[in-house]
S.K.: 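Here it is, the structure in full.
Residue numbers count from 1 along this sequence.
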Amino acid sequence: MSPASGYAQTGGWPSRPLRLLVGFPPGSSPDLTARTLAEPLAQVLGQPVVVENRPGAGGNIAAEQVARASDGHTLGLMINGNLTIAKILNPATPYDPLTDLAPVSLVGTAPLVLTASTRLPAEPAAVLAAGREAGDRWNYGTPGAGTVAHIGMEMLKAAAGWRAVHVPYSGNPQVVTAMIQGDVQVALLPPGVALPQVQAGRLRAVGLTSPGRSTLAPQVPSLAELGLRGFDLEIWNAVAAPVTWPAVQIQRVAAALAEIVRRPEVRQRLFAQGWQVAGTAPEGLAQRVRTDTARMKAIIERNGIRAQ
């Protein structure tokens, strides 16, 4: 569909620049993704797409602003927590992902990397064994309570027989620093964060939270290969709109994103950022939201996880 024909089908929309809100600071993974998409999306839609950073509350401040936007020209680039577990973790969250936001398109997915300090054994199986022997003398870092990394580590503890203690930080850069300094022993990190540190020799990759090996890090075994069967956890990012948006506008943006992320140059940029592109229709993202919400809710309730 050309920009002109799409413009006609949506009643002259967009009629002014669009805002793409990101709930994390400049240089963060969601910010890099948003800026990768903004220019080609502007070319397709025929209006500028301006990325605006509204960091705070794990992305929920920006998500609320998207949910409450009434200008018809505001979207959000969000992580899975904003679209699934925000209200479950904190009932005081001022928006409901399932009723206040309209899924547009799942952009990219990735497993997490179980990453370890170089002070630990080099062999992945030996790290798992050492974690069992350490009991509560080990710490694990996350970018905050209730994040996917926190939930994933609680899943891993149950599967591996660990008792490591949770230490929350303000973001993944602080988690990396803490591991390098020896303040925490392990963490689940996005590939785009973990792999450069591993390649530089500052950290070690133990295993991936995927059923099998990933093209993002083919040299790293899956946790399933290490004996942790059924361990399957992904992070993802997606574009969402206010629930008040007309379906024709949502479908137009979704179709544009699906085409954009499959362009070789965009696919390569997102891959370098640690993402496998998806580019789903709105229905595909809606199904992912429902499935992940139910699964994460069960894990959160079983482990008594709460937002801070």
Side-chain angles (χ1 to χ4, degrees), residues 18-45 48-53 55 59 62-63 66 75-84 103-113 115 143 147-149 171-173 176 188-199 205 208-210 212-220 232-241 252-282 284-285 288-289 292:
L18 289 101
R19 299 189 302 155
L20 182 59
L21 302 191
V22 179
F24 299 88
S28 63
S29 178
D31 175 74
L32 294 175
T33 298
R35 294 181 190 280
T36 298
L37 300 175
E39 183 176 349
L41 187 60
Q43 293 171 352
V44 174
L45 296 180
V49 176
V50 181
V51 176
E52 295 185 11
N53 300 91
V66 172
L75 291 156
L77 191 287
M78 304 180 192
I79 63 171
N80 28 342
N82 308 137
L83 288 169
T84 56
V104 177
S105 182
L106 180 68
V107 174
T109 67
L112 287 160
V113 184
T115 314
T147 57
V148 175
N172 279 321
V176 169
L188 286 173
L189 296 174
V193 174
L195 297 180
Q197 301 295 332
V198 172
Q199 290 159 2
L208 300 175
T209 64
S210 50
R213 299 215 175 195
S214 169
T215 56
L216 291 167
Q219 73 280 16
V220 181
D232 182 8
L233 184 71
E234 282 188 327
I235 53 172
W236 46 264
N237 57 30
V239 172
R252 184 176 178 210
V253 175
L257 289 169
E259 186 272 322
I260 288 167
V261 300
R262 287 171 174 79
R263 296 178 185 176
E265 67 277 13
V266 175
R267 179 189 291 268
Q268 183 55 43
R269 285 182 67 185
L270 292 174
F271 187 87
Q273 294 169 20
W275 297 106
Q276 296 168 311
V277 300
T280 68
L285 175 56
R288 184 62 184 262
V289 167
D292 278 20

S.K.: Compare all side-chain heavy atoms of R252 with those of L45 and state whether any distance is below 4.5 angstrom.
M.R.: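 Yes. Closest side-chain heavy atoms under 4.5 Å.
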S.K.: How long is the gap from CH2 on W275 to CG on N237, to the nearest 0.5 Å?
M.R.: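 The CG atom of N237 is 4.5 Å from CH2 of W275, to the nearest 0.5 Å.
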S.K.: Testing the 3.5 Å rule here: is there a donor-acceptor pair between the side chains of Q273 and T36?
M.R.: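 Checked: Q273/T36 side chains pair up, N/O donor to acceptor below 3.5 Å.
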S.K.: If you compare all heavy atoms of S105 against all heavy atoms of L257, which two are closest, and at what distance to 0.1 Å?
M.R.: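 So the two residues come closest at CB-CD1, 3.9 Å.
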S.K.: Any sub-3.5 Å donor-acceptor pair from R288's side-chain atoms to L106's backbone N or O?
M.R.: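 Here the side-chain-to-backbone pair does not exist.
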S.K.: With side chain to side chain contact (heavy atoms under 4.5 Å, CB included) as the criterion, how do I235 and I79 come out once you've worked through the C-alpha distance, each side chain's angles and the decisive distance to 0.1 Å?
M.R.: CA-CA 8 Å; I235 53 172; I79 63 171; over 6 Å; no
S.K.: For the atom pair OG1 (T147) and CG (L112), what is the distance rounded to the nearest 0.5 Å?
M.R.: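 Between T147 OG1 and L112 CG, I get 9.0 Å after rounding to 0.5 Å.
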S.K.: How far apart are the closest heavy atoms of S214 and Q276, and which atoms are they?
M.R.: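 What the structure gives for the nearest pair is OG-NE2, 3.5 Å.
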S.K.: Are L37 and V261 packed together at the side-chain level, in the sense that at least one heavy-atom pair is separated by less than 4.5 angstrom?
M.R.: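 The answer is yes, as the side chains (C-beta and beyond) meet within the 4.5 Å cut-off.
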S.K.: Return the set of residues passing side chain to side chain contact (heavy atoms under 4.5 Å, CB included) with P173 (not counting sequence neighbours), or none when no residue passes.
M.R.: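 For P173 there are no side chain to side chain contact (heavy atoms under 4.5 Å, CB included) partners, ignoring immediate neighbours.
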S.K.: Within the side chain of D232, is there an N or O that forms a donor-acceptor pair under 3.5 Å with the backbone of S210?
M.R.: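 Looks like no, no N/O pair under 3.5 Å.
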S.K.: Specify the closest pair of heavy atoms between A110 and G274, including all atoms of both residues, with the distance to one decimal.
M.R.: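 Looks like CB-O, 3.3 Å.
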S.K.: Does the T115 side chain pair with the main chain of A205, one donor and one acceptor, at a distance under 3.5 Å?
M.R.: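 Not at all, since once roles are kept as given, no pair shorter than 3.5 Å links the two residues.
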S.K.: So which of S29, S28, P143 actually passes side chain to side chain contact (heavy atoms under 4.5 Å, CB included) with N172?
M.R.: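 So, applying the side chain to side chain contact (heavy atoms under 4.5 Å, CB included) to N172 and each of S29, S28, P143, only P143 qualifies.
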S.K.: Taking the side chain as every heavy atom from C-beta outward, state whether V148 and W236 have any atom pair closer than 4.5 Å.
M.R.: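 The answer is no; the side chains never approach within 4.5 Å.
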S.K.: Testing V66, V49, V50, L41 one by one against L20 for a side chain to side chain contact (heavy atoms under 4.5 Å, CB included), which residue passes?
M.R.: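 Checked V66, V49, V50, L41 against L20; only one passes side chain to side chain contact (heavy atoms under 4.5 Å, CB included): V49.
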S.K.: Could you tell me if the side chain of T209 sits less than 4.5 Å from the side chain of P111, heavy atoms only?
M.R.: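 Yes, side chains in contact.
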S.K.: Looking only at non-hydrogen atoms, find the nearest pair between L216 and P191 and report the distance.
M.R.: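 Looks like CD1-CG, 4.3 Å.
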S.K.: Can a donor-acceptor pair be found, under 3.5 Å and without considering hydrogens, that links the side chain of R269 to the backbone of E265?
M.R.: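 Looks like no, no N/O pair under 3.5 Å.
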S.K.: Quick one, L77 and P30 - any side-chain contact, counting heavy atoms below 4.5 Å?
M.R.: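 Yes, their side chains come closer than 4.5 Å.
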S.K.: Under the criterion salt bridge (Lys or Arg N to Asp or Glu O under 4.0 Å), I'd like the reasoning laid out for E259 against R263: C-alpha separation, chi angles, the key distance, then a yes or no.
M.R.: CA-CA 7 Å; E259 186 272 322; R263 296 178 185 176; 2.9 Å; yes
S.K.: With a sphere of 6.0 Å drawn around CD of E52, does it hold more than 12 non-hydrogen atoms of other residues, nucleotides or ligands?
M.R.: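 Count over threshold, so yes.
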S.K.: Grab the two heavy atoms, one from N53 and one from P25, that are nearest each other, plus how far apart they are.
M.R.: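 Taking N53 first and P25 second, the nearest heavy atoms are ND2-C, 3.6 Å.
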S.K.: Distance check, rounded to the nearest 0.5 Å: F24 atom CZ versus T33 atom OG1?
M.R.: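 The OG1 atom of T33 is 11.0 Å from CZ of F24, to the nearest 0.5 Å.
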S.K.: Can you give me the closest heavy-atom contact between A238 and L83, atom names plus distance?
M.R.: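 The pair with the smallest heavy-atom distance is CB-CD1, 3.9 Å.
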S.K.: Could you state the interatomic distance from CD1 (I260) to CZ (R267), rounded to the nearest 0.5 Å?
M.R.: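 So the CD1 of I260 and the CZ of R267 are separated by 13.5 Å.
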